[in-house]
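Single-structure report; data block below.
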Protein chains: 2
Amino acid sequence: MGSSSAAPWKHLLLGSIQANSHLKHCSYFQLATVSSSSKPSNRTVVFRGFQDDGDRILINTDTRTRKIDDLKHCPFAEICWYFTDSWEQFRISGHVDVIDGTNPDPVKLQQREKSWFACSLKSRMQYTMPTPRISIHDPPSQTPSLDPSVGPTDTFCLLVLDPDQVDYLNLKSNERLVFTSEPSVNGERLWTSEQVNP
Amino acid sequence: MGSSSAAPWKHLLLGSIQANSHLKHCSYFQLATVSSSSKPSNRTVVFRGFQDDGDRILINTDTRTRKIDDLKHCPFAEICWYFTDSWEQFRISGHVDVIDGTNPDPVKLQQREKSWFACSLKSRMQYTMPTPRISIHDPPSQTPSLDPSVGPTDTFCLLVLDPDQVDYLNLKSNERLVFTSEPSVNGERLWTSEQVNP
């Protein structure tokens, strides 16, 4: 068992992203939440990088999706990220901060704006579309337009997952490592890692 | 909106499995559950086919894994199955029946045995390995052996997921269909489907 103040799983994850970067889907993972009826929910989302140079994981979503209701009910999520070429799995669990346009923290609003402008115009267009998962009655009356210089729509929401446990499994070497953390006195996470049976 | 007593999502799923069958990982999906601490869990598992010719989904697992504790606490799961080549996602939620060797139902025990013998010898060997996710202290003292004619080990467990909702998303055609069901008077599920905004 080792201990360190830097997240020791991050270089493993960056290595896997690099090793699988020729695959478009290598930046997709599955995000599990708990619904307000206390049942599990699971969907594919896109990895939008780490917050600043830290360990927190960024995900963009629409405020009108059910995962927002889920996270208001239970603010925890578990990512399952399987790398199809290197046969590696990362299970990353932690608390999720939901940052929409009503957030009172100006630093968080700035981060949300940064994530908006980091999106392609095509991705931004999704947030102007009709409400997801409601019945299609009529086709949209007009193609929506979007000014590339204008900031996030009300529907744009940034999720910031702060990992507190990472379970790494390598199916080629048949090795498994579990990383756990607790916030230390100065607010930094102190990570420990343990090699366990696969 | 249409209605039918046969599961109308099944031909879509079989089509996706077929279209992606050149990829080894096309039979892998992510299974979300809720832990006893009411937090979400998520991991990759292998699709082991449908029960008989029905709609229920078979998964093999080890009784010593945490998903068994999760399912005892909350017997529901959501599968997220993303097909990387055809850009299709199936979210399949339902109740999970956990069938281990102590199950009192002889028909279920027979199904468990059938699933055991349907596994490769290499897969069966996994169930003789040391307890998953506990610290590695010593290497195994001897390589375990397994008689191919002998039935399931105590650690072998069959999960049977009975879908009650399927959310299908096609990212190429940008179409989304939600299938929902309720058991009808004779025990068969009555499915309805609706085209919704993606």
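Below, each value reflects all heavy atoms present in this structure, side chains not excepted, and no hydrogens, waters or symmetry copies. Keep in mind the model is a prediction, meaning the values are calculated, not measured. Just so it is clear: chains get the letters A, B, ... in the order the sequence lines come, proteins before strands, and each one is counted from 1.
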- prompt: Is there a path from A:Val46 to A:Phe90 through hydrophobic residues (I, L, V, M, F, W, Y) whose side chains come within less than 4.5 Å of each other?
  reply: no
Toward chain B, the part of A:Trp87 with a non-hydrogen atom under 4.5 Å: side chain
task: Check the pair A:Val34 / B:Val34 against side-chain contact (heavy atoms from CB on, under 4.5 Å), numbers first and verdict last.
output: CA-CA 7 Å; A:Val34 179; B:Val34 179; 3.9 Å; yes
message: Classify the ring geometry of A:Tyr28 against B:Tyr82: parallel below 30°, tilted from 30° to 60°, perpendicular beyond 60°.
response: perpendicular
message: Assigning hydrophobic clusters by single linkage (Ile, Leu, Val, Met, Phe, Trp, Tyr; side-chain heavy-atom cutoff under 4.5 Å), is B:Val160 placed with B:Val96?
response: no
- prompt: Quick one: what part of A:Gln89 sits under 4.5 Å from any heavy atom of chain B, side chain, backbone, both or neither?
  reply: side chain
query: Taking every heavy-atom pair that is under 4.5 Å apart, which of A:Arg133, A:Gln126, A:His25, A:Gln195 has the most such pairs with chain B?
result: A:Arg133
- prompt: With a cut-off of 6.0 Å (strictly less than), are more than 12 heavy atoms of other residues, nucleotides or ligands near NZ of B:Lys122?
  reply: no
Pairwise distance CZ(A:Phe29) to SG(B:Cys80) - rounded to 0.5 angstrom: 11.5 Å
task: Determine, stepwise, if the pair B:Arg91 / A:Asn42 fulfils side-chain contact (heavy atoms from CB on, under 4.5 Å).
output: CA-CA 7 Å; B:Arg91 297 172 60 181; A:Asn42 209 0; 5.5 Å; no
query: Which answer fits A:Ser93, side chain, backbone, both or neither, if we ask what part of it has an atom under 4.5 Å from a heavy atom of chain B?
result: neither
Same apolar cluster: B:Val166 and B:Leu171, side chain cutoff 4.5 Å: no
query: Is it the case that one hydrophobic cluster holds both A:Val178 and A:Trp191, taking links as side-chain heavy atoms less than 4.5 Å apart, direct or via other members?
result: no
task: Return the option, out of B:Pro198, B:Ser135, B:Pro75, with the maximum number of heavy-atom pairs under 4.5 Å with chain A.
output: B:Ser135
message: For B:Lys72, is the NZ atom crowded, meaning more than 12 foreign heavy atoms sit under 6.0 Å from it?
response: no
message: As a quick check of understanding, evaluate side-chain contact (heavy atoms from CB on, under 4.5 Å) for B:Ile136 and A:Asn197, giving each step before the final call.
response: CA-CA 6 Å; B:Ile136 294 178; A:Asn197 293 321; 3.3 Å; yes
Residues, nucleotides or ligands: over 12 heavy atoms within 6.0 Å of B:Arg66 CZ: no
message: Is it the case that over 12 heavy atoms from other parts of the model lie below 6.0 angstrom from the NE2 atom of B:His22?
response: yes
message: Is B:Ser41 close to chain A through its backbone or its side chain, or both, or neither, when contacts mean heavy atoms under 4.5 Å?
response: both
- request: Output the option from B:Arg176, B:Glu78, B:Lys24 having the highest count of non-hydrogen pairs under 4.5 Å with chain A.
  value: B:Glu78
- prompt: Among A:Ser38, A:Pro132, A:Ala77, who wins on heavy-atom pairs under 4.5 Å with chain B?
  reply: A:Pro132
query: Any ion pair linking B:Arg43 and A:Asp167 (charged N to carboxylate O, less than 4.0 Å)?
result: no
query: Which region of A:Glu175, side chain (C-beta onward) or backbone (N, CA, C, O), has a non-hydrogen atom less than 4.5 Å from a non-hydrogen atom of chain B, or is it both or neither?
result: neither
- prompt: Around A:Asp154, counting heavy atoms of other residues, nucleotides and ligands shown, do more than 12 lie under 6.0 Å from its CG?
  reply: no
- prompt: With hydrophobic residues grouped by side-chain heavy-atom distances under 4.5 Å, do B:Phe76 and B:Ile92 end up in a single group?
  reply: no
query: Does any heavy atom of chain B fall under 4.5 Å from the side chain of A:Leu31, the backbone, both, or neither of them?
result: backbone
